[in-house]
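First up is the structure itself, then whatever we jot down about it.
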Amino acid sequence: MAELNFKQELTSVFGQPVAENPTQAMIEAAYQHHGLDWRYLTIEVAPEDLPAAVQGMRAMNFRGGNLTIPHKVAVIPLLDRLSEAAQLMGAVNCIIREGDELVGDNTDGKGFVDSLRPVCDPAGKKVVILGAGGAARAISVELALAGVEDITIVNRDSGRGTGLLDLLNGPVAKATSVKATFVPWEGDFDVPPGTDVVINATSIGLFPDVNARIPLHMASLEPNMVVADVIPNPPETRLVKEARAIGCEVLDGLGMLVNQGVIGFRLWTGVDPDPVIMRRALETVFDA
Ligand code: NDP
């Protein structure tokens with residue numbers, strides 16, 4: 001008789017709100033596909049309960065997990081170590097258990113860069129990033145680490161925009177050759193000629209506001225530019241559709257979501273997951 005084992009390896013996402021986070025569907029589809037008896041739990045954790053929740057991960061021997069709003073910064077003092085990227089960004093979206101230690105990493109930006117590479121080598125490129133929140137921070141730091149030369153941050157809130165600029169031109173520039181500028185977002189933004197990649201890293205267009213318009217002068221987009229949107233739901237955003245009609249190469253937010261999941265999965269399990277299975281699981285969730 002085969003040996004019985006009812007104990008599963010545990011991973012999770014902590015957030016609040018968290019019920020609409022689709023990561024479980026994507027990761028558990030890959031666990032099943034790769035024959036891993038693992039679980040990925042979607043757990044609502046209030047900010048004041050985060051220390052107890054991380055202690056719970058330790059006590060119950062969780063193999064790793066993700067953090068989403070509002071825990072990405074608050075979790076840092078609760079961990080044993082950070083990756084270089086997480087340290088630079090000051091934010092953690094992925095925890096990995098290494099021996100007795102919980103290590104914080106940030107896979108959002110790496111997931112984006114992995115989506116970009118097949119269509120455009122980031123080295124030496126000129127990039128415009130709309131937004132200066134968590135996603136923009138993660139993407140801009142990883143693009144700099146991947147060799148992007150010039151980053152223009154465009155943001156409505158100047159404090160947040162200059163905060164990111166200081167990060168890029170300070171600690172990040174010391175480790176890379178990046179040069180960043182900040183443009184306060186007033187009216188429709190004109191993409192400067194010579195730009196290689198334009199990224200929407202704001203939440204404009206996220207369900208249910210699917211028809212919201214990004215204040216961007218679409219005529220300033222040129223067909224040789226790559227246009228990327230971080231919005232995963234819906235994957236076919238207004239920006240994605242309009243940029244494709246102009247002839248630009250487009251990247252949707254599902255690619256980034258899948259690729260950051262691929263990195264987390266590999267770090268937790270040591271197995272390289274099939275991204276096609278993961279993307280299909282998300283497309284089913286989003287009816288895409
Ligand atoms: P934050 O709240 O940290 O930042 C939001 C950003 O959007 C800010 O720069 C904000 O500008 C800007 N913004 C929001 N509304 C408007 C508007 N009407 N006009 C101009 N700017 C606006 O959020 P995150 O950075 O964490 O997330 C942003 C988006 O990225 C979310 O929709 C999220 O779903 C997506 N995301 C996707 C991932 C993926 O894997 N595909 C991973 C992580 C995030 P201001 O500072 O002026 O308020």
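- The environment of CG in Asp287 is sparse: at most 12 heavy-atom neighbours from other residues, nucleotides or ligands sit within 6.0 Å.
- Taking every heavy atom of both residues into account, Gly261 and Met26 meet most closely at CA-CE, 3.8 Å.
- Residues Lys179 and Glu149 are not in side-chain contact: their nearest non-hydrogen atoms beyond the backbone lie 4.5 Å or more apart.
- In Asp272, the CG atom is crowded: over 12 heavy atoms of neighbouring residues, nucleotides or ligands sit closer than 6.0 Å.
- To the nearest 0.5 Å, atom CG of residue Leu254 and atom CG of residue Asn233 are 8.5 Å apart.
- Between Thr11 and Tyr31, the closest side-chain pair of non-hydrogen atoms falls below 4.5 Å.
- Checked by atom type and distance alone, the side chain of Asp49 never pairs as donor or acceptor with a backbone atom of Val45 at under 3.5 Å.
- Hydrophobic side-chain contacts under 4.5 Å tie Phe207 into a cluster, directly or through other members, with Val210.
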(request) Take Arg39 and Gln24 through the test side-chain contact (heavy atoms from CB on, under 4.5 Å) and record every step on the way to the result. (result) CA-CA 9 Å; Arg39 291 299 316 273; Gln24 181 187 61; 4.2 Å; yes

(request) Apply side-chain contact (heavy atoms from CB on, under 4.5 Å) to Leu216 and Leu239, showing your working. (result) CA-CA 9 Å; Leu216 182 66; Leu239 175 67; 4.0 Å; yes

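- Residue Leu67 holds its CG atom at 8.5 Å from NZ of Lys72, rounded to the nearest 0.5 Å.
- Inter-residue side-chain proximity for Leu4 and Phe6 is flagged as met; some heavy-atom pair is nearer than 4.5 Å.
- Under a cut-off of 6.0 angstrom, the local environment of CD in Glu84 is sparse, with at most 12 non-hydrogen atoms contributed by other residues, nucleotides or ligands.
- For the pair Arg81 and Glu98, the salt-bridge criterion is met [side-chain N within less than 4.0 Å of a carboxylate O].
- Considering every non-hydrogen atom in both Leu88 and Pro171, the closest pair reads CD2-CB, 3.9 Å.
- Of the inter-residue distances, the one linking Leu221 atom CG with Thr195 atom OG1 reads 9.5 Å to the nearest 0.5 angstrom.
- Closest heavy-atom contact between Ile153 and Leu164: CD1-CD2, 3.5 Å.
- By the 4.0 Å N-to-carboxylate-O rule, Asp252 lies too far from Lys241 to be salt-bridged with it.
- Residue pairs meeting the side-chain hydrogen bond (donor to acceptor under 3.5 Å, both in side chains) criterion with at least one member in residues 154-171: none, sequence neighbours excluded.
- Residue-environment remark: CD (Glu48) exceeds the threshold of 12 foreign heavy atoms within 6.0 Å.
- When all heavy atoms of Gln16 and Pro47 are compared, the closest pair comes out as OE1-CD, 3.3 Å.
- Salt-bridge annotation for Asp196 and Lys126: absent, with no side-chain N of the basic residue lying under 4.0 Å from a carboxylate O of the acidic one.
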(message) What verdict does the side chain to side chain donor-acceptor pair (under 3.5 Å) test give for Asp229 and Thr237, after you've listed the backbone C-alpha separation in whole Å, the side-chain angles of each residue and the deciding distance to 0.1 Å?
(response) CA-CA 8 Å; Asp229 204 329; Thr237 57; 2.7 Å; yes

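- When all heavy atoms of Ala29 and Ile277 are compared, the pair lying nearest together is O-CG2, 3.9 Å.
- Closest heavy-atom contact between Pro122 and Val148: O-CG2, 3.3 Å.
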(request) Under the side-chain contact (heavy atoms from CB on, under 4.5 Å) rule, what do Leu10 and Arg63 come out as? Steps first, then yes or no, please. (result) CA-CA 6 Å; Leu10 297 177; Arg63 302 293 291 269; over 6 Å; no

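- The side-chain hydrogen bond (donor to acceptor under 3.5 Å, both in side chains) pairs that include a residue from residues 131-146 are Lys110-Glu142, where partners are two or more places apart or lie in different chains.
- Side chain of Glu28 to main chain of Tyr40: a donor-acceptor pair is present (N/O by atom type, distance under 3.5 Å, no hydrogens or angles).
- The existence of a salt bridge linking Arg97 and Glu101 is excluded, since no basic side-chain nitrogen approaches an acidic carboxylate oxygen closer than 4.0 Å.
- Val197 is not listed as a side-chain neighbour of Met225, based on a closest heavy-atom distance of 4.5 Å or more.
- Phe62 has its side chain out of reach of Trp268: every pair of non-hydrogen atoms, C-beta onward, lies at least 4.5 Å apart.
- Transitive grouping of hydrophobic side chains (ILVMFWY, heavy atoms separated by less than 4.5 Å) brings Val119 and Ile199 into a common cluster.
- Judged purely by atom type and a 3.5 angstrom limit, Asp190 has no side-chain atom pairing as donor or acceptor with the backbone of Ser220.
- The neighbour count for Gln8 CD, taken as heavy atoms of other residues, nucleotides or ligands under 6.0 Å away, is above 12.
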(request) Begin from the C-alpha positions of Val127 and Thr152 and carry the test side-chain contact (heavy atoms from CB on, under 4.5 Å) through to its verdict. (result) CA-CA 6 Å; Val127 177; Thr152 301; over 6 Å; no

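- In this structure, Val18 and Thr68 have side chains that are in contact, with non-hydrogen atoms separated by less than 4.5 Å.
- Judged by distance alone, with hydrogens and angles left aside, the side-chain atoms of Thr284 form a donor-acceptor pair with the main-chain N or O of Arg280 at under 3.5 Å.
- Of the inter-residue distances, the one linking Ile96 atom CD1 with Ser83 atom OG reads 7.0 Å to the nearest 0.5 angstrom.
- Within the 4.5 Å cutoff, side-chain heavy atoms of Ile139 are placed close to those of Val230.
- Distance check: Lys125 NZ to Leu143 CG gives 11.5 Å after rounding to the nearest 0.5 Å.
- Looking only at side-chain heavy atoms (C-beta outward), Phe265 and Leu36 come within less than 4.5 Å of each other.
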(request) Could you go through the salt bridge (charged side-chain N to carboxylate O under 4.0 Å, His left out) check for Asp274 and Arg279 one step at a time? (result) CA-CA 9 Å; Asp274 183 344; Arg279 184 169 175 115; over 6 Å; no

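- Here Asp209 does not pair with Arg238 in a salt bridge; the nearest charged N to carboxylate O distance is not below 4.0 Å.
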